[in-house]
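As structure tokens, the structure follows; a few thoughts come after it.
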Amino acid sequence: MKDFNFINNQFYIRMLMLHVAYGFVIYAIPSLAKIILILILASFLFIILNRQNKGNEALMAAAYIAGGEVFFRQTSAVIFYETGKYAVIIFLLIGMFFKGASSKTIPYWIYLLILFPGVLVASMTISYDGDFRKLVAFNLSGPVCLGVSALYCYYKKIKKEDFQRVLIMMLMPLVSQMMYLYFYTPSMQDVEISLSGNYAATAGFGPNQISSVLGLGCFLICTRLFSIRNRFINLVDILLLIMMGYRALITFSRGGVLTAMVCVVCFLIFFYYKQDAKRIEGTNLRIFSMAAVFVIVWLLSSVQTSGLLINRYTNKNAAGDLKNDITTGRVELIETELSAFYHHPITGIGVGKGREFRQEELGVEINTHNEISRLLSEHGILGIVALCILIFVPIVFWFKFQNNYYFLAFVAFWFLTINHSAMRIAQPAFVYGLALLYIVDEKKNPVHRKRLASQ
């Protein structure tokens, strides 16, 4: 086991150095972004095909692309806007071609089938001026990505060491993105700050998406402080947590940061419960240390933003006056989608029709921020069935095995993210799948663990 830990730690440090350099190269020579992404995709494809996914290479490739999707968009590296989601889907499908999927995945096949009647409805409801193909692809790519991730991961056995590598692969492009942002905007004291979403801190890209992915990065680093027992690695991770937490906070987009905090608490609930008596004291010390890091990051961010960050998180404007709507208009969007469901409860209004429906109701064309209300409005009663599958199947799986202490945190990340940012990015869909993995810790109970059905 020590050998595995040593190899993973060496792999981690090498990958960190490579991705710090990656962030600098993209900042210094932006024209290389698309070429590098094509090389990354081609390399992953070759590795998966060459090794026939014997070591879950497809899952690691998908994790990397899901982690880096927003960075690729931000630097114009993507071939088309949804490149990340389609790459995740393709890698996982190739992986399933070699390793198959569990016979227990029937609920997720039903979920995928449920999505497509809404396409037929949309073909009749979307206006002549609407771009049917783009609207359907934009609104279905995320849910389909989730379905494929679930098909690959559900009841899939993976060694604890390999699972840690999957998380490392998802974290690495976030490190590159963080470094890119530091090179782009080193300090907040010389730029104009917007409390509704600080584009100055995000290199002009959407603060909501960057907050979401950097928040997940902070969560992954926090979990490493508990799951990796190596002083040097822990010090490196603390430094990374301070740097990434600061960049997440100064986006002024609260969703990703608050989601990360909830996920850390969810992780600690299960992790603490699984600890033996000898490790409890060390875990308590690490919790205290992490809390101290959070305070340092908050104080640093507040000073750098001249106190405006405090106004943002207490729902005040720059003058210190309390705002009326803490959701920044999201409630109104949800109300229109619930109205659509009320008037079309059986069939829904069709995939992609929501944008046009809001134009008719509110006079503003805007994409949804809430995937749950979108499922109801665009899919009708089938949307309720889909939602029940997505919520209850993982719960049953957890109560049956209880071996993945990331489970609650990953499900929380999925649920909270789709409630403030819908499925604009692949991360919540992919992370949902990770919650369904059966993690094998061969150091503990290697013989008497509960058996899984053959895959």
Side-chain angles (χ1 to χ4, degrees), residues 10-47 60-61 63-84 87 168-194 197-218 220-221 236-237 239-253 256 297 300-301 304-305 425-427:
Q10 292 294 309
F11 173 74
Y12 182 63
I13 294 300
R14 289 197 300 269
M15 290 290 283
L16 267 183
M17 294 171 64
L18 176 64
H19 283 80
V20 168
Y22 179 24
F24 174 74
V25 168
I26 298 302
Y27 168 75
I29 316 174
S31 58
L32 289 179
K34 195 178 294 290
I35 297 173
I36 291 176
L37 177 58
I38 291 173
L39 291 174
I40 289 171
L41 293 173
S43 299
F44 279 138
L45 185 60
F46 173 79
I47 291 170
M60 295 182 192
Y64 188 91
I65 299 302
E69 180 186 24
V70 175
F71 183 45
F72 303 145
R73 287 178 180 175
Q74 180 181 22
T75 55
S76 300
V78 292
I79 302 166
F80 51 91
Y81 192 74
E82 300 292 354
T83 296
I168 289 173
M169 293 298 286
M170 188 158 54
L171 176 62
M172 286 302 107
L174 297 175
V175 172
S176 295
Q177 185 171 22
M178 176 193 73
M179 296 308 302
Y180 174 83
L181 293 174
Y182 272 108
F183 291 127
Y184 199 97
T185 315
S187 173
M188 284 291 99
Q189 295 185 337
D190 300 322
V191 298
E192 183 177 348
I193 296 174
S194 170
N198 190 15
Y199 286 85
T202 60
F205 199 75
N208 186 278
Q209 291 189 21
I210 290 184
S211 170
S212 295
V213 297
L214 292 186
L216 178 64
C218 291
L220 293 177
I221 296 169
V236 170
D237 285 336
L239 177 60
L240 278 179
L241 180 58
I242 293 172
M243 295 176 67
M244 192 170 291
Y246 168 70
R247 296 309 305 200
L249 279 171
I250 63 173
T251 63
F252 276 63
S253 180
V297 173
L300 174 65
S301 304
Q304 279 284 306
T305 58
I425 58 177
Q427 266 194 7

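In this structure, Ser31 OG and Ile26 CD1 are separated by 8.5 Å, a value rounded to the nearest 0.5 Å. Note that CD1 of Ile13 is 12.5 Å distant from CG of Leu18, once rounded to the nearest 0.5 Å. With values rounded to the nearest 0.5 angstrom, Met179 atom CE is found 10.0 Å from Met244 atom CE. Atom CD of Glu82 and atom CD1 of Ile425 lie 11.0 Å apart (nearest 0.5 Å). Atom OH in Tyr64 sits 13.0 Å away from atom CD1 in Ile168 (nearest 0.5 Å). Between the CE atom of Met178 and the CG atom of Leu214 there is a distance of 8.5 Å, given to the nearest 0.5 Å.
Counting heavy atoms from C-beta outward, Leu174 and Gln177 have side chains that approach closer than 4.5 Å.
Minimum interatomic distance between Thr83 and Ile79 (heavy atoms only, all atoms of both residues): OG1-N, 3.3 Å. Taking each heavy atom of Met60 and Met169 in turn, the nearest pair found is O-CB, 3.7 Å. Nearest approach of Tyr22 to Ser176, heavy atoms of both residues: CD2-OG, 3.2 Å. Summarising the geometry of Pro173 relative to Gly67, their closest heavy-atom pair is CG-C, 3.7 Å, with the distance given to 0.1 Å. Here the closest heavy-atom approach between residue Leu220 and residue Met170 is recorded as CD1-CE, 4.0 Å. The two atoms that bring Ala87 and Leu41 nearest to each other are CB-CD2, 4.0 Å, heavy atoms only.
Looking at residues two or more places apart in sequence or on another chain, you find a ring pair (Phe, Tyr, Trp, His ring centres under 6.0 Å) between Tyr27 and Phe183. Residues that satisfy the ring pair (Phe, Tyr, Trp, His ring centres under 6.0 Å) test with Phe80, not counting sequence neighbours, are Tyr86.
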Could you go through residues 205-213 and list every donor-acceptor pair under 3.5 Å that involves a side-chain atom there, pairing it with any protein atom two or more places apart or in another chain?
residue : atom : partner : partner atom : Å
Asn208  : OD1  : Ser421  : OG           : 2.8
Gln209  : OE1  : Arg73   : NH1          : 3.4
Gln209  : NE2  : Tyr81   : OH           : 3.4
Ser211  : OG   : Ser253  : O            : 2.8
Ser211  : OG   : Gly256  : N            : 3.2
Ser212  : OG   : Asn208  : O            : 2.9

Worked check of side chain to side chain contact (heavy atoms under 4.5 Å, CB included) between Asp237 and Tyr12: CA-CA 11 Å; Asp237 285 336; Tyr12 182 63; 2.4 Å; yes
Candidate pair Ser301 and Thr305, rule side chain to side chain contact (heavy atoms under 4.5 Å, CB included), full reasoning: CA-CA 6 Å; Ser301 304; Thr305 58; 5.5 Å; no
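Looking only at atom types and distance, the side chain of Tyr246 has a donor-acceptor partner in the side chain of Gln304 under 3.5 Å away.
Remark: side-chain polar atoms of Tyr180 are not paired, donor with acceptor, to backbone N or O of Gln74 under 3.5 angstrom. Side chain of Thr202 to backbone of Thr251: no donor-acceptor contact under 3.5 angstrom is found. Listed for the Asn198 side chain is no donor-acceptor partner under 3.5 Å among the backbone atoms of Phe252.
Counting heavy atoms of neighbouring residues, nucleotides and ligands inside a 6.0 Å radius, atom OH of Tyr182 exceeds 12 of them.
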